[in-house]
Amino acid sequence: MNLVHDFELKTVPPYSFELTVAKPAGWWWATPREVYEGRTLWTGVRWEGRLLGLRIDGLRTLMRPRIRCRVYSRARFDEAMKDAVTSLIRAALRTEEDVRPFYEMAEGDPIVREVVKDLRGMRILRWPDLFSALILAITLQMAPLVRSQQMWGLLMEHYGENAVFDGRRIRYWPSPKKISETSEEELRSVAKLGYRAKNLKAIAESILGGFPTMEELSRMPSEDARRKLMELRGVGEYSADIVGTEGGFSLDVWSAKIFGVLMTGKEPEDPRAAIPVLQRLARERWGRWTGHVFVYVLNDLDKVSERIGFDLTKF
DNA sequence: GCGTCCAGGTCTACC
DNA sequence: GGTAGACCTGGACGC
């Protein structure tokens, strides 16, 4: 791949590049196989059907942050393509988001007050590529994390693609086209997707059939985007919140246990049944910042556990 | 060793 | 409009 675009982004402080792209809980920015070393991220993104290599450097400090991004491609880039990719990366890094109102709200809340000090400057997740985010959501369903990781590994190994640039080789998620061309039986047996194979194929076909892109979804009112995502086969509220551009409160059985302890003082007896109740309580308590609280708390479980004297990492 | 349970949900069929 | 029951797979657990 050749260098086709090189630009800098200003960010609204405080902005921590490291906490944003390499989350303490281990979540990646675009692919689990990306590399983060010494304030530089080598990763990839699929845009308009083509895989791009990205080298992103976090420059300067928390309060005077800048980001330099280099884009690599096999194809040539014109000015319109450069503008589109710049805005895609800007949105996915959330460089223009002002988190100060969130931190002000946190001052008055005992659960969030210390968490925002631990993770000052972190931005919540915002997947750069819709289909990759949907693969993540589908493979998280009804599976312990190790099983989800097994599915990611097999999907990438057998159907993924390499971005080779800047002396690096980064393995990236399969394209919708590749998944649509693979039989459901093969996805079941080779990628061990089980019942999810049918859903993932249907999603790939919807995307190839003109489903809105992440950028188009982000321009919709968030509730409309959420409803649109739930039109996809196998995407319910949980998955729509994982993929969604506004950082939803995607409670599942695991996180319901954690927030059950934090918000009600005890582990729910039936976590699945507790999900809608906890979601309502969270929405009432944190309003538009609910998704931020979710990501901040789940990325700070060690310290939160220490403070409350209850091991939340055991779930 | 072997059987059972259930996990970082969603859809369908039935009432 | 509300809700059991089914769904892949594999690790944990009890016997």
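Values below: all heavy atoms of this structure, side chains included; hydrogens, waters and symmetry mates excluded. Please read these numbers as outputs of a predicted model, since none were measured by experiment. Order of the sequence lines fixes the chain letters, A, B, ..., with proteins taken first and strands second; residue numbering starts at 1 for each chain.
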Step through the shown structure and confirm whether more than 12 heavy atoms of other residues, nucleotides or ligands are within 6.0 Å of CD on A:Gln279. yes
Is a donor-acceptor contact shorter than 3.5 angstrom present between the side chain of A:Arg188 and the base of C:dC8? no
Length of the CZ-P vector between A:Arg272 and C:dG5, whole Å: 15 Å
Measure the distance from CG on A:Asp241 to P on B:dG8 and round it to the nearest whole Å. 18 Å
Atom-to-atom span, CG of A:Leu145 to P of C:dG10 - whole angstrom: 16 Å
Residue matched to C:dC15 through Watson-Crick or wobble contacts both under 3.5 angstrom: B:dG1
Which whole-number value in Å describes the distance from A:Tyr238 OH to B:dC11 P? 14 Å
Want to settle it: does A:Trp254 or A:Leu232 sit nearer the 5' end of DNA chain B, counting the closest nucleotide to each? A:Trp254
Under 4.0 angstrom between A:Gln150 side-chain N/O and C:dG10 OP1 or OP2: yes
Atom CG of A:Leu193 and atom C1' of C:dC8: how far apart are they, to the nearest Å? 9 Å
Same-atom distance (P) from C:dC13 to B:dG8, integer angstrom: 13 Å
Do the charged groups of A:Asp98 and A:Arg100 touch, with an N to O distance under 4.0 Å? yes
Within the 4.0 Å heavy-atom criterion, would you say A:Trp152 contacts the bases, only the backbone, or no part of the nucleic acid? nothing
Side chain of A:Leu140: nearest nucleotide among C:dC8, B:dG9, B:dG8? B:dG8
Under 4.0 Å, counting only non-hydrogen atoms across every strand here, what does A:Val146 touch: a base, just sugar-phosphate, or nothing? nothing
A quick test of your reading: do over 12 heavy atoms of other residues, nucleotides or ligands sit less than 6.0 Å from CZ of A:Arg169? no
When the distance from CD of A:Gln141 to C1' of B:dG9 is rounded to whole Å, what number comes out? 5 Å
Measuring to OP1 and OP2 of C:dT9, would you say a side-chain N or O of A:Arg147 lies under 4.0 angstrom away? no
Rounded to whole angstroms, how far apart are CD on A:Glu237 and C1' on B:dG9? 11 Å
For A:Tyr195 and B:dT10, give me the distance from atom OH to atom P, rounded to whole Å. 8 Å
How about NZ on A:Lys198, more than 12 heavy atoms from neighbouring residues, nucleotides or ligands closer than 6.0 Å, or not? no
What integer number of Å spans the P atoms of C:dA6 and B:dC6? 15 Å
Does any donor atom in the side chain of A:Asp252 or A:Ser255 lie under 3.5 Å from an acceptor atom in the other side chain? yes
Please give the distance between the P atoms of C:dC8 and B:dA13 as a whole number of Å. 15 Å
Can you confirm whether the side chains of A:Asp166 and A:Trp42 place a donor and an acceptor under 3.5 Å from each other? yes
Taking only the side-chain nitrogens and oxygens of A:Arg233, find out if one of them lies under 4.0 Å from OP1 or OP2 of B:dT12. yes
Is the phosphate of B:dG8 approached by A:Ser250 (side-chain N or O, under 4.0 Å from OP1 or OP2)? no
Base partner of B:dG8, which must satisfy Watson-Crick or wobble distances under 3.5 Å: none
